[in-house]
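Inspection log for the structure reproduced underneath, given as structure tokens.
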Amino acid sequence: MGRPNRPKLDRELIARAAVDLVDEHGMGALTMRALATRLNVRGPSLYNHVSSKEELLDAITVVITREIDRAPLDDPDWRVGITAFARGYRAAFLRHPDALPVIARRPVSTEEALSAYDAVVRTLIRIGLPPAEAAEFSAALDYLVVGSVIETYEEGFARSAEEYRADYPSLARALTAGDRDTLNARGFERGLRLLLDGLASRLKP
């Protein structure tokens with residue numbers, strides 16, 4: 001009896017398996033041995049495609065970055081386009097929250113990531129923002145998206161709002177004023193609107 005068919009091992013297959021491993025078990029579970037076991041191959045065979053853990057992290061970055069749709073940036077209405085891009089950017093990393101803290105601290109070196117940043121800055125310059133301010137806005141957008149995934153605001157307050165009322169009445173009042181279950185998403189949307197309002201003010205003649 002022949003061996004069961006197995007997908008041919010390549011860098012893309014390895015990277016996607018690595019992303020799945022991190023999604024399921026966290027970044028701490030990502031080792032070459034665990035990845036080889038997941039792919040049902042011998043460990044040394046992985047090194048024919050990724051030579052180190054750093055190269056594997058680059059490959060993971062590529063897989064996740066490809067999930068971010070840059071097409072909205074071409075929308076004639078820049079506000080609509082940047083809003084859709086930012087939401088898609090955030091959604092991609094919400095699907096892979098355990099990978100983000102590591103990726104966010106690494107140099108931007110893959111072609112996919114560099115092209116994404118270039119597309120954002122190109123859009124900002126096209127609509128009239130000076131290059132230096134385009135870099136600042138791009139950084140601010142990054143802080144908003146990445147921060148909203150890494151720090152989940154609503155989960156930071158583990159107790160019910162009423163338990164905060166005696167000592168922190170203003171906080172308790174704020175937590176009960178809206179739908180607490182949607183606070184993370186609403187906070188992101190509020191921050192994005194304020195950021196775009198600021199951009200609009202810079203574009204006025």
Side-chain angles (χ1 to χ4, degrees), residues 22-23 27 61 64-108 110 112-161 164-165 168-205:
V22 172
D23 288 347
M27 188 60 77
T61 302
I64 297 175
T65 304
R66 284 176 180 166
E67 295 182 18
I68 303 170
D69 185 8
R70 285 179 255 165
L73 293 172
D74 295 325
D75 195 299
D77 186 329
W78 65 262
R79 187 166 189 132
V80 170
I82 294 176
T83 297
F85 170 79
R87 288 171 177 165
Y89 183 4
R90 180 172 183 261
F93 280 110
L94 281 173
R95 291 191 289 270
H96 312 288
D98 289 311
L100 180 56
V102 174
I103 290 174
R105 291 181 174 86
R106 304 189 74 246
V108 182
T110 66
E112 286 78 5
L114 288 167
S115 294
Y117 280 106
D118 185 71
V120 171
V121 174
R122 182 173 63 248
T123 297
L124 296 168
I125 293 174
R126 172 176 57 80
I127 64 177
L129 207 61
E133 292 186 35
E136 293 168 1
F137 181 89
S138 177
L141 185 62
D142 238 26
Y143 301 149
L144 177 63
V145 171
V146 173
S148 73
V149 176
I150 291 178
E151 182 188 0
T152 51
Y153 187 90
E154 66 194 42
E155 287 82 358
F157 303 102
R159 291 179 279 167
S160 69
Y164 293 109
R165 194 170 298 281
Y168 314 103
S170 296
L171 175 62
R173 183 179 179 185
L175 290 175
T176 56
D179 182 359
R180 190 169 172 180
D181 292 335
T182 64
L183 187 53
N184 288 339
R186 289 187 291 114
F188 169 76
E189 291 292 333
R190 172 75 65 164
L192 182 58
R193 285 196 301 273
L194 292 172
L195 190 59
L196 295 178
D197 287 346
L199 175 57
S201 71
R202 295 294 300 129
L203 297 177
K204 290 179 180 177

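For the numbers below, each heavy atom of this structure counts, side chains included, while hydrogens, waters and symmetry mates do not.
Listed for the N184 side chain is a donor-acceptor partner under 3.5 Å among the backbone atoms of Y153. S138 places no side-chain N or O within 3.5 Å of a backbone atom of A134 that could act as its donor or acceptor partner. A donor-acceptor contact shorter than 3.5 Å links the side chain of T110 to the backbone of A113. The backbone N or O of L144 sits nowhere less than 3.5 Å from a side-chain atom of R90 that would complete a donor-acceptor pair.
Within a 6.0 Å sphere centred on CZ of R126, heavy atoms belonging to other residues, nucleotides or ligands number more than 12. When the shell of 6.0 Å around CZ of R105 is examined, it contains 12 or fewer heavy atoms from other residues, nucleotides or ligands. With a 6.0 Å radius and a threshold of 12 heavy atoms from other residues, nucleotides or ligands, R106 has its CZ atom above the threshold.
Atom CZ in R173 sits 9.5 Å away from atom CZ in R165 (nearest 0.5 Å). Atom OH of residue Y117 and atom OG1 of residue T65 lie 8.5 Å apart, to the nearest 0.5 angstrom. Rounded to the nearest 0.5 Å, atoms CG (L203) and CD1 (I127) are 5.0 Å apart. Taken from OH in Y89 to OG in S148, the straight-line distance is 9.5 Å, to the nearest 0.5 Å. Interatomic distance, E189 CD to T182 OG1, rounded to the nearest 0.5 Å: 11.0 Å. Taking CZ of F157 as the reference point, atom CG of L183 lies at 8.5 Å (rounded to 0.5 Å).
A salt bridge is defined here as a Lys NZ or Arg NE, NH1 or NH2 lying under 4.0 Å from an Asp or Glu carboxylate O, and R79 with D197 meets this definition. In summary, E112 and R66 engage in a salt bridge, as defined by a charged side-chain N under 4.0 Å from a carboxylate O.
Annotation: side chain of R87 is in contact with side chain of F188 (closest heavy-atom distance under 4.5 Å). Using a 4.5 Å heavy-atom threshold, the side chains of W78 and L73 count as separate. A 4.5 Å side-chain heavy-atom check between V146 and F93 finds every atom pair outside the cut-off.
Nearest heavy-atom pair, A84 versus P72, reported as atom, atom and distance to 0.1 Å: CB-CB, 3.6 Å. Closest approach of D98 to P101, counting heavy atoms only: O-CD, 3.6 Å. Residues R186 and D179 approach most closely at NH2-O, 2.6 Å, considering heavy atoms. V80 and D75 get closest at one heavy-atom pair: CG1-OD2, 3.7 Å. Between V145 and A86, the shortest heavy-atom contact is CG2-O, 4.1 Å. Across all non-hydrogen atoms, the minimal contact from R180 to R159 is NH2-O, 3.0 Å.
Stacking of R70 on the aromatic ring of F85 is not recorded, the 6.0 Å distance cut-off and the 45° axial limit not both being met.
Tested against I82 for a side-chain contact (heavy atoms from CB on, under 4.5 Å), the candidates V120, L124, D77, L195 yield a single pass: L124. Under the side-chain contact (heavy atoms from CB on, under 4.5 Å) rule, F137 has a single partner from D142, L129, T123, which is L129.
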